[in-house]
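Working notes, structure below.
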Amino acid sequence: MRNLLKKSTSTLASFAVLFSTAGCATAQAEQVTSAPAPVTTATPSETPAGPALWKIADDDTTIYLFGTVHALPDDIDWQTGQIGAALETADTLVTEVIVSDSNTAEMQKLVAAKGMLPADQTLRGLLNEDQRAKYDAAMTGLGLPTNAFDRFKPWYASLLLTMIPLAQQGIDVANGVEKSLEANTRPEVKREALETAEYQLSLFDSLSQESQIDMMMKTIDGQDKVAEQLEAMIADWLAGDADGLAKLMNESIDEPALLERLLYQRNRNWAQWLQKRLDTPGTVFVAVGAGHLAGQNSVQEDLTKMGIKVDRVQ
């Protein structure tokens, strides 16, 4: 099946998995569509099946690293093996950004501010004749008026054009790992974030208009495969196959500058944050997009370069 998947599809499906704030597009998409055992370190030969879990530690601090999928079907049981126990022992939960029901309106305002075109521009007006014909066909195929996204910048339209087919097939941010963590984290657990929503959205918004349009057209080219691609990623994630996940999510993105912006630089920033966090006693559960913990230049690889030992727990 994977041989049929296009690089362009992989890129946008990766965005859906990688970014917590990509879930902001889901609200728009939905409007348009309708007592644990102690954690133990496992040796490679006895690593149990299930989403991968790593840890770093010193004398008084333990930090678990868990790769998440931000959008899932509603029947996925991912809290297997050591994951639940690690969550129960944590006194701090760290995610990429904090997105909760209490700040939904604020997030939507932020997306509107970052994702809207100037009043004298329309999305379709930015496209050449061939691009517009392909875009119109894609919108019609989704059952939408061709001018439905005319106020949106191309990067935001790209996210919507990715999330809508997923939502139509039941793959929803409401079922994602972060939503579950938000709903089930004990009240006494401290919450922290590695980034702000504004920073994440700026990574897209600061792309040139030409790059944004190119991204949107690639989204349209791979639209009929995006759900299939994400399902393949979820299968590797559930199996704990970090190498397979890396190939699907990261290595198939053939744009080095985009990888540096969206993955590698952020991974280095997070590794530095984790190094500093080891100075504070406690147990921390860090949940970030699975692509950051897979493949070349992953967070674990950056930590290892810094002299920090990373153990795979599961």
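- In Lys109, the NZ atom is not crowded: 12 or fewer heavy atoms of neighbouring residues, nucleotides or ligands sit closer than 6.0 Å.
- Under the 4.0 Å criterion applied to side-chain N and carboxylate O atoms, Asp221 and Lys134 are assigned as salt-bridge partners.
- Listed for the Asp236 side chain is no donor-acceptor partner under 3.5 Å among the backbone atoms of Asp241.
- Across every non-hydrogen atom of Arg261 and Arg266, the tightest pair is O-CD, 3.8 Å.
- Residue Trp78 comes nearest to Ile83 through the heavy atom pair O-CD1, 3.3 Å, listed as atom of the first residue, atom of the second, then distance.
- With a 4.5 Å cut-off on side-chain heavy atoms, Thr146 and Arg132 do not count as touching.
- Met233 is listed as a side-chain neighbour of Leu245, based on a closest heavy-atom distance under 4.5 Å.
- By the 4.5 Å heavy-atom criterion applied to side chains, Leu201 and Tyr156 are not counted as neighbours.
- Asp311 contributes no side-chain N or O that, together with a main-chain N or O of Val313, makes up a donor-acceptor pair within less than 3.5 Å.
- Proximity of a side-chain donor or acceptor of Gln82 to a complementary backbone N or O of Gln314 within less than 3.5 Å is not detected.
- Glu198 contributes atom CD, which lies 5.5 Å from atom CG of Leu110 (distance to the nearest 0.5 angstrom).
- Panel note: side chain Trp237, backbone Gly67; a donor-acceptor pair is recorded below 3.5 Å.
- Taking NE2 of His70 as the reference point, atom CE of Met163 lies at 10.0 Å (rounded to 0.5 Å).
- For the pair Lys305 and Asn297, the minimum side-chain heavy-atom distance is below 4.5 Å.
- A side-chain donor-acceptor contact under 3.5 Å links Arg151 to the backbone of Leu117.
- With hydrogens and angles disregarded, no donor-acceptor distance shorter than 3.5 Å links the side chain of Gln121 to the backbone of Leu126.
- Once rounded to the nearest 0.5 Å, the distance linking OG1 of Thr219 with CG of Asp214 reads 9.0 Å.
- Rounding to the nearest 0.5 Å gives a distance of 12.5 Å between CG of Asp205 and CE of Met116.
- Looking at Glu210, Met215, Met217 one by one, the single match for side chain to side chain contact (heavy atoms under 4.5 Å, CB included) with Ile213 turns out to be Met217.
- Heavy atoms only, all atoms of each residue included: Leu181 and Ala287 are closest at CD1-CB, 3.7 Å.
- Relative ring orientation between Phe204 and Trp155 is described as parallel, the plane-to-plane angle staying below 30° on a 0-90° scale split at 30° and 60°.
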Test side-chain contact (heavy atoms from CB on, under 4.5 Å) on Val97 and Glu178 and set out the steps.
-> CA-CA 10 Å; Val97 298; Glu178 283 77 10; over 6 Å; no

Given side-chain contact (heavy atoms from CB on, under 4.5 Å), test Glu182 with Arg191 step by step and report yes or no.
-> CA-CA 10 Å; Glu182 182 67 37; Arg191 292 299 315 276; 2.6 Å; yes

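- With Thr95 contributing its side chain and Ala193 its backbone, the two residues share no donor-acceptor pair below 3.5 Å.
- Residue pairs satisfying the side chain to side chain donor-acceptor pair (under 3.5 Å) criterion with at least one member in residues 271-282, sequence neighbours excluded, are absent.
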Please test Glu88 against Arg186 for side-chain contact (heavy atoms from CB on, under 4.5 Å), starting from the C-alpha separation and ending with a verdict.
-> CA-CA 9 Å; Glu88 281 296 317; Arg186 306 184 314 280; 4.0 Å; yes

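- The closest side-chain heavy-atom distance from Ile220 to Leu161 is below 4.5 Å.
- Side chain of Asp172 to main chain of Asn175: no donor-acceptor pair is present (N/O by atom type, distance under 3.5 Å, no hydrogens or angles).
- Glu301 places no side-chain N or O within 3.5 Å of a backbone atom of Ser298 that could act as its donor or acceptor partner.
- The two residues Met139 and Ala148 make their nearest non-hydrogen contact at CE-CB, 3.7 Å.
- Residues meeting the side chain to side chain donor-acceptor pair (under 3.5 Å) test with Trp270, sequence neighbours left out: Glu195.
- Nearest heavy-atom pair across Pro281 and Thr61 is CA-OG1, 3.3 Å.
- Among all heavy-atom pairs drawn from Ala157 and Phe152, the shortest one is N-CB, 4.4 Å.
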side-chain contact (heavy atoms from CB on, under 4.5 Å) between Val94 and Ile63, worked out | CA-CA 10 Å; Val94 179; Ile63 302 177; over 6 Å; no

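- For the pair Thr62/Thr89, no side-chain contact is recorded, criterion being any heavy-atom separation below 4.5 Å from C-beta on.
- In this structure, Gln212 contributes its side chain and Leu207 its backbone to a donor-acceptor pair below 3.5 Å.
- Separation of atoms CG (Leu274) and CE (Met306) is listed at 8.0 Å; rounding is to 0.5 Å.
- Side-chain atoms of Glu260 and Arg268, non-hydrogen and from C-beta on, do get closer than 4.5 Å to each other.
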Could you go through the side chain to side chain donor-acceptor pair (under 3.5 Å) check for Glu192 and Thr92 one step at a time?
-> CA-CA 7 Å; Glu192 295 182 17; Thr92 303; 4.7 Å; no

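- Considering CG of Leu194 and CG of Asn269, their distance stands at 9.5 Å, rounded to 0.5 Å.
- The environment of CG in Asp120 is crowded: more than 12 heavy-atom neighbours from other residues, nucleotides or ligands sit within 6.0 Å.
- Side chains of Trp54 and Val299 form no contact here, defined as non-hydrogen atoms less than 4.5 Å apart.
- For residues 63-85, the set of pairs meeting the salt bridge (charged side-chain N to carboxylate O under 4.0 Å, His left out) definition, not counting sequence neighbours, is empty.
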